[in-house]
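Residue numbering restarts at 1 for every chain, and letters A, B, ... go by the order of the sequence lines. In this text, all values refer to a predicted model and were calculated from it rather than measured experimentally.
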Protein chains: 2
Amino acid sequence: MATHTPESRKARGSGADIIQVARRAGVSPATVSRVTNGRSTVARHLAKRVWQAIEELGYTPNPQARALVSGRSRVLGLLISEITNPFFPELMQSFEDVAGEHDFEVMIGSTNYNRERARIFIRRLVQRRVEGVAVMTFRAESHFLDELIAENIPLVTIDVSANAARSLVLEVDYAQGIDEAVQHLARLGHRRIGFASGPMPHLTNLRRKDAFLRSVKQIGLAEQDAPLFVGDHTFEGGTQAALHFLGLDPHPTAIVCSNDMMAVGVLRVMAERGIRVPQEMSVIGFDDIHLAEFVNPPLTTVRMSRQDLARAAYKGLEQLWTENPAGTRGPIRVATSLVVRQSTDSPGA
Amino acid sequence: MATHTPESRKARGSGADIIQVARRAGVSPATVSRVTNGRSTVARHLAKRVWQAIEELGYTPNPQARALVSGRSRVLGLLISEITNPFFPELMQSFEDVAGEHDFEVMIGSTNYNRERARIFIRRLVQRRVEGVAVMTFRAESHFLDELIAENIPLVTIDVSANAARSLVLEVDYAQGIDEAVQHLARLGHRRIGFASGPMPHLTNLRRKDAFLRSVKQIGLAEQDAPLFVGDHTFEGGTQAALHFLGLDPHPTAIVCSNDMMAVGVLRVMAERGIRVPQEMSVIGFDDIHLAEFVNPPLTTVRMSRQDLARAAYKGLEQLWTENPAGTRGPIRVATSLVVRQSTDSPGA
DNA sequence: AATATGCGGGAAATCGATTTCTGACTTTTC
DNA sequence: GAAAAGTCAGAAATCGATTTCCCGCATATT
């Protein structure tokens, strides 16, 4: 319950307003506005005087006033699952960069898989009048979004549709990267490959798993040579998966994981058991988080570019704004691709 | 250069304004404002009618209008060094949580040690009229901040003073945690302890190093038994430090690092050389990033609580707002403490 | 040459709140 | 019981932009 002193209002620095600029340039405020927004044309010599006055006074338009009259806050929302998964901070930064290029600010909220946190954050988004929200949570809990939908706020999601008029789904091409991963393993000579999946209600995990199954079939593996384990996308989930696969007889010579954190868990178990990676066991992750480079050995993984994802999300919002009715509302695709590091090699190398 | 359709303005959902609320409650807008802000007293039965109208219409005050007239944007800035260091996302979330409790939004920018990025971000902060900025960069480049200082925006920094009227320094008590770390090692029997420092122009690293030197002196180590290496706070810096210390004869039996990323680099070198941690080499980090739990072995490290730091930063801004002239402008301290995991043991255990 | 058209720029309305001013009414005070 | 003081709520000013409306002047049209 902080309260400011009333003086704080006028204590601000240079803060020139549009009227002062207009006076200095010898024009009306309307003309200054026309110049800064470049909508309507203004005579050369007047525009020049206006720019000069702006320069001299260090004027920047008050965004609150601007937002008030235009009805556009120039603020976007970004919803992520958990800040401790390094994938998200990187995505966050990319999204802020794209948004910033277009003069938007971003409100960021991480749900931490906590319903109440999400609710509170979404309430804040609505109150701040955001112009659009990128829901980057890989989770199907669209009832989270009901309040946003009710307010008719444009919504971009991953994999799973928000089922609302002003919304749009980004389609991540998991198959592409996972195909590369499986073929990479096949080329190295692996004939028994485990897949450590994330939790199944997530549509994204279903997609990743299906892509894996299709790939192994394509290289001619029998079903029992491509065992699955369903974990929970965390480090611990990875350790459980590793223990499960090691318990099989014969056990797989390679493990593909549904995300990097699980892969790191797998690496840990191997290290504890004295099983050398990649000589005795190959491991592949998914996401290419920063950490993937720093574990031992550096992780071969499927990269989903955060820049691409962030740009795609922004582009999606743009499409929703222009509301292109007949428009090119084609799906927006995000590519994935394999990054080979040192956690994969031929079995028994 | 996105442009919206003009329709987007009225396309918004329920959006009731204060006049509609006033009408419905049969009072004037001024009274509604008085009720929502609770400044002045309003007769019981009127207030009740107002709240009911607010409820029924789903009214939330337009923050832009509110900001415009009050001169307060209710937005704060948070400047961090690099988003890929997991310490910062966690700090970020904590700061957003504290800010959110007080109805502030947070604009986040990471410099990535890039002057131009920082400049652009700070420009955005000024343009958005933030009411205060937390500079959590551990870096002494205060000329970054000149624009903020010129605008007289309240500033909270870590370790290094911004040298401005409306600013305040958080003092992290490095000595406390590092003392614990060194004494922990001494108790385990280590008599030769290396310190891998971060780059020296950073005041924070100077502080950490000094704390280390004081601690080892206190447990009675000679100078040559507490060798230093100056790296750069990254994974690679850690690998360099490790190689340096291993090259000494005799080499230290324990390495204390100025941050966790360096410690992870040290662990990597040990793993590659087949030197077992903690049996043959003890390693201690600093920060307690999320990752510290997941490396092999889990890292003993000095924890600086992000919650504490975030709360301290917010509290600092609060102090600057109230501008307590004679006030309790005492330093705001942030504690550190040792978290013992599995990367430390007796030498030769 | 007379009228129609276009265009640039100023005056004023507007966005949605907060806050100051003011007047009606109630409560205290001597 | 009359004057002074205190409450409470409405009317109106205000914040700082954008945008609509309109007028005057220059150019195009017949």
Residues two or more places apart in sequence or in another chain: which of them pass side chain to side chain contact (heavy atoms under 4.5 Å, CB included) with A/Glu96? A/Val106, A/Ile108, B/Ile108

Between the protein and nucleotides 5-9 of chain D, which nitrogen or oxygen pairs come in under 3.5 angstrom?
unit_1, atom_1, unit_2, atom_2, d
D/dC8, OP2, B/Thr41, OG1, 2.4
D/dA9, OP1, B/Ala43, N, 3.2
D/dA9, OP2, B/Ala43, N, 3.1

To the nearest angstrom, the CG-C1' distance between A/Asn37 and D/dT20 comes to 15 Å

Is B/Arg72 salt-bridged to B/Glu131, cutoff N-O under 4.0 Å? no

Sequence neighbours excluded, the answer for side chain to side chain donor-acceptor pair (under 3.5 Å) partners of A/Thr41 is none

From the set D/dA17, C/dA17, D/dT19, return the single nucleotide nearest to any side-chain atom of B/Pro61. C/dA17

B/Ile120 meets the side chain to side chain contact (heavy atoms under 4.5 Å, CB included) criterion, sequence neighbours left out, with B/Glu116

Could you list the residues that satisfy side chain to side chain donor-acceptor pair (under 3.5 Å) with A/Glu56, not counting sequence neighbours? A/Arg24, A/Gln52

If the condition is side chain to side chain contact (heavy atoms under 4.5 Å, CB included), which residues does B/Ala310 pass it with, not counting sequence neighbours? B/Leu91, B/Ser94, B/Phe95, B/Val98

Compute the angle between the rotation axes at the two ends of the helix from C/dA1-D/dT30 to C/dC30-D/dG1, each taken over five pairs, rounded to 10 degrees. 40°

Rounded to the Å, how far apart are B/Arg23 CZ and D/dG10 P? 14 Å

Interatomic distance, B/Asp17 CG vs C/dA17 C1' [rounded to whole Å]: 9 Å

For residues 42-49 of chain A, run the donor-acceptor check on the side chains, cut-off 3.5 Å, and write out each pair with its distance to 0.1 Å, sequence neighbours left out.
unit_1, atom_1, unit_2, atom_2, d
A/Arg49, NE, A/Ala25, O, 3.1
A/Arg49, NH2, A/Ala25, O, 2.9

note: A/Gln64, atom CD; C/dA17, atom C1'; distance rounded to Å ~ 13 Å

Quickly work out the A/Ile18 CD1 to C/dA12 P distance and round it to whole Å. 17 Å

Could you check which of C/dG16, D/dA12, D/dT18 has an atom nearest any side-chain atom of B/Ala30? D/dA12

Nearest non-hydrogen partners of B/Ala313 and B/Val156, listed with the distance: O-CG2, 3.7 Å

By side chain to side chain contact (heavy atoms under 4.5 Å, CB included), B/Ser33 pairs with (sequence neighbours left out) B/Ile18, B/Asn37

Check the distance between C/dA11's C1' and A/Ile19's CD1 and give it to me in whole angstrom. 13 Å

Does a side-chain N or O from A/Tyr59 land closer than 4.0 Å to OP1 or OP2 of D/dG16, or not? no

What is the separation between atom CZ on B/Arg129 and atom P on D/dG16, rounded to the nearest whole Å? 9 Å

Has B/Asn62 got a side-chain N or O lying under 4.0 Å from the OP1 or OP2 atom of C/dC15? no

Euclidean distance, atom CG of residue A/Leu68 to atom P of D/dT18 [Å, nearest integer]: 12 Å

